[in-house]
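Remarks on the structure that follows.
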Amino acid sequence: MALILSELKDKVGILTLNNPERRNALSLELCDELREALDDFKSRKVPAVIIRAQRDVKVWSAGHDIRQLPQVSHEPLAYDSPMERVLRSIQEYPGAVIAMVQGGVWGGASDIIVTCDLAIGDETSTFAITPVKIGLPYNAAGIVHFINRVGLSIAKEMFFTAEPVKAERAYHFGILNHLVSSREIEQFTLALAGTIAANSPLAVAVIKEQFRLLSEAHPLTADAFERIQGLRRKVYNSHDYEEGIKAFFEKRKPNFRGE
Ligand code: YXS
């Protein structure tokens, strides 16, 4: 069964996450299909793409497939991991990539939302980023995505609490460009995508790439880079990371020790 459904409506591509049994968890397989579908639209010069889940889902995506997170002592969210490659595919796509959100968005799936160029949500949409729930050190690229979208203080609150941000607040803080009712979200998002698709695709693509280069430009000394690597290694080599994953599967609260 296709984990990603792909269709073209006029000049708008629509990609639907299609694994509700696993709550659209970002498995390696689903991420690879999502990236391949984006590459296919890119080859067909599709100027605007909507990423959505099935209509009226309760869970847009449960985030990274925890069963497939590398076990302790291995770099989770490595540069060339499937989820990270999807995020870069979205950033580098030469056209607008728009998230249409109904239901709960968890973990790495929230990084997809804040990496998309625009996000449209309905009243059921919520957004949580959850590494602290499983003792996982997020990565610098992902943290920059959140800082760029919601600013430092809201990004810290989201990461430190791992609590879902509800639709109204998500709109207020800029996770969502528009908050529309579940009845009208499909038509609204398609119309917005159509407006963008009717503009100069070359200008949109070049302006998008300038946004990416300028917003990602955070000068980092070699020392700072090494420090980040060392800090993250300390976490993914920790008891807490191992305990966090184990607790998820044993469906119990983790007992973190801070080491
Ligand atoms: O027990 P079965 O086999 O039926 O499977 C259950 C869940 O184990 C499974 N499932 C997942 N499997 C792998 N990875 C996941 N992230 C994941 N989430 C769920 O799907 C089956 C149905 O789940 P269930 O019964 O809990 O569904 P529900 O409708 O009652 O609750 C839906 C959720 C999403 C609220 C609940 O499944 C949940 O809280 N899932 C974990 C959400 C989460 O913490 N995601 C973060 C993943 S880690 C990640 O994205 C980043 C690495 S980071 O941590 O840095 O943010």
Side-chain angles (χ1 to χ4, degrees), residues 17 22-27 30-31 34 51 53 57-70 75-79 81-91 97 99-121 124-177 179 215-216 218 228 231-232 235-236 238 240-241 243-245 247-248 253-254 256:
L17 307 179
R22 306 296 310 169
R23 303 298 183 269
N24 292 332
L26 300 177
S27 62
L30 184 142
C31 287
L34 182 52
I51 300 179
V57 285
K58 294 279 172 292
V59 179
W60 193 85
S61 170
H64 200 295
D65 188 323
I66 300 179
R67 294 165 307 170
Q68 295 179 340
L69 274 174
E75 159 66 72
L77 309 182
Y79 182 79
S81 62
M83 189 179 92
E84 292 304 311
R85 293 180 66 188
V86 162
L87 294 171
R88 286 198 300 275
S89 289
I90 291 170
Q91 285 183 309
V97 180
M100 189 190 100
V101 188
Q102 296 181 289
V105 183
W106 297 84
S110 290
D111 200 344
I112 288 185
I113 305 303
V114 298
T115 298
C116 282
D117 299 300
L118 295 89
I120 317 300
T124 68
S125 61
T126 64
F127 305 86
I129 179 67
T130 52
V132 299
K133 271 170 66 177
I134 54 174
L136 186 137
Y138 215 65
N139 59 10
I143 288 172
V144 167
H145 300 156
F146 282 86
I147 295 174
N148 283 344
R149 193 57 160 260
V150 298
L152 211 48
S153 59
I154 298 303
K156 284 182 179 179
E157 179 184 335
M158 290 183 74
F159 272 92
F160 296 166
T161 66
E163 285 295 304
V165 175
K166 292 190 172 63
E168 277 293 338
R169 248 185 125 220
Y171 173 57
H172 179 74
F173 289 119
I175 296 173
L176 292 176
N177 293 70
L179 172 53
S215 63
E216 303 281 306
H218 293 255
I228 287 175
L231 287 170
R232 298 186 62 246
V235 180
Y236 64 71
S238 70
D240 281 4
Y241 178 44
E243 163 63 9
I245 294 184
F248 176 80
K253 275 183 84 54
F256 290 132

**Request:** Calculate, to the nearest 0.5 Å, the distance between atoms CG and CE belonging to Leu77 and Met83 respectively.
**Result:** 5.0 Å
**Prompt:** Say you draw a straight line from CG of Leu136 to CG of Leu69; how long is it, rounded to the nearest 0.5 Å?
**Reply:** 6.0 Å
**Prompt:** Who pairs with Ser27 by side chain to side chain donor-acceptor pair (under 3.5 Å), at least two apart in sequence or on another chain?
**Reply:** Glu29
**Prompt:** So, do Asp240 and Val235 sit near enough that their side-chain heavy atoms are less than 4.5 Å apart?
**Reply:** no
List the atom pairs, with distances to 0.1 Å, where a side-chain N or O of residues 105-118 and a protein N or O form a donor-acceptor pair under 3.5 Å, not counting sequence neighbours.
from, atom 1, to, atom 2, distance (Å)
Ser110, OG, Val105, O, 3.4
Ser110, OG, Ala128, N, 3.3
Ser110, OG, Ala128, O, 2.8
Asp111, OD1, Thr115, OG1, 3.1
Asp111, OD1, His145, ND1, 2.6
Asp111, OD2, Tyr138, OH, 2.8
Thr115, OG1, Asp111, O, 2.7
Thr115, OG1, His145, ND1, 3.2
Asp117, OD2, Val97, N, 2.8
Asp117, OD2, Lys208, NZ, 2.8

**Request:** Can you run down the side chain to side chain donor-acceptor pair (under 3.5 Å) pairs that involve residues 159-174, sequence neighbours left out, and say none if there aren't any?
**Result:** Glu157-Arg169
**Message:** Would you compute the distance between atom CD1 of Ile143 and atom CZ of Phe159 and round it to the nearest 0.5 angstrom?
**Reply:** 5.0 Å
Identify all side-chain donor-acceptor contacts of residues 57-64 below 3.5 Å with residues at least two apart in sequence or on another chain.
from, atom 1, to, atom 2, distance (Å)
Trp60, NE1, Met100, O, 2.8
Ser61, OG, Asn24, O, 2.7
Ser61, OG, Gly63, N, 3.1

**Asked** Listed by chain and number, what are the side-chain contact (heavy atoms from CB on, under 4.5 Å) partners of Arg85, not counting sequence neighbours?
**Response** Arg35, Arg88
**Request:** Could you tell me which residues satisfy side-chain contact (heavy atoms from CB on, under 4.5 Å) with Asn148, sequence neighbours excluded, listed by chain and number?
**Result:** Val144, Ser215, Glu216, His218
**Message:** Run the ring-ring contact (aromatic ring centres under 6.0 Å, His included) test against Tyr236 and tell me which residues pass, sequence neighbours left out.
**Reply:** none
**side chain to side chain contact (heavy atoms under 4.5 Å, CB included) between Ile175 and Met158, worked out** = CA-CA 12 Å; Ile175 296 173; Met158 290 183 74; 3.9 Å; yes
**Asked** With sequence neighbours left out, what residues match Thr126 under side chain to side chain donor-acceptor pair (under 3.5 Å)?
**Response** none
**Prompt:** So which pairs with a foot in residues 136-154 pass salt bridge (charged side-chain N to carboxylate O under 4.0 Å, His left out), sequence neighbours left out?
**Reply:** none
**Request:** Rounded to the nearest 0.5 Å, what's the gap from CG on Leu34 to CD1 on Ile90? Could you check?
**Result:** 6.0 Å
**Asked** Given side chains that start at C-beta, do those of Ser81 and Pro76 come closer than 4.5 Å, heavy atoms only?
**Response** no
**Asked** Which residues pass the side chain to side chain donor-acceptor pair (under 3.5 Å) test with Arg232, sequence neighbours left out?
**Response** Glu75
**Request:** Return the set of residues passing side chain to side chain donor-acceptor pair (under 3.5 Å) with Arg67 (not counting sequence neighbours), or none when no residue passes.
**Result:** Asp65
**Request:** Please list, chain by chain and in numerical order, all residues satisfying side-chain contact (heavy atoms from CB on, under 4.5 Å) with Leu231, sequence neighbours excluded.
**Result:** Arg227
**Item:** Between CG on residue Asn139 and CD1 on residue Ile228, distance to nearest 0.5 Å
**Value:** 10.0 Å
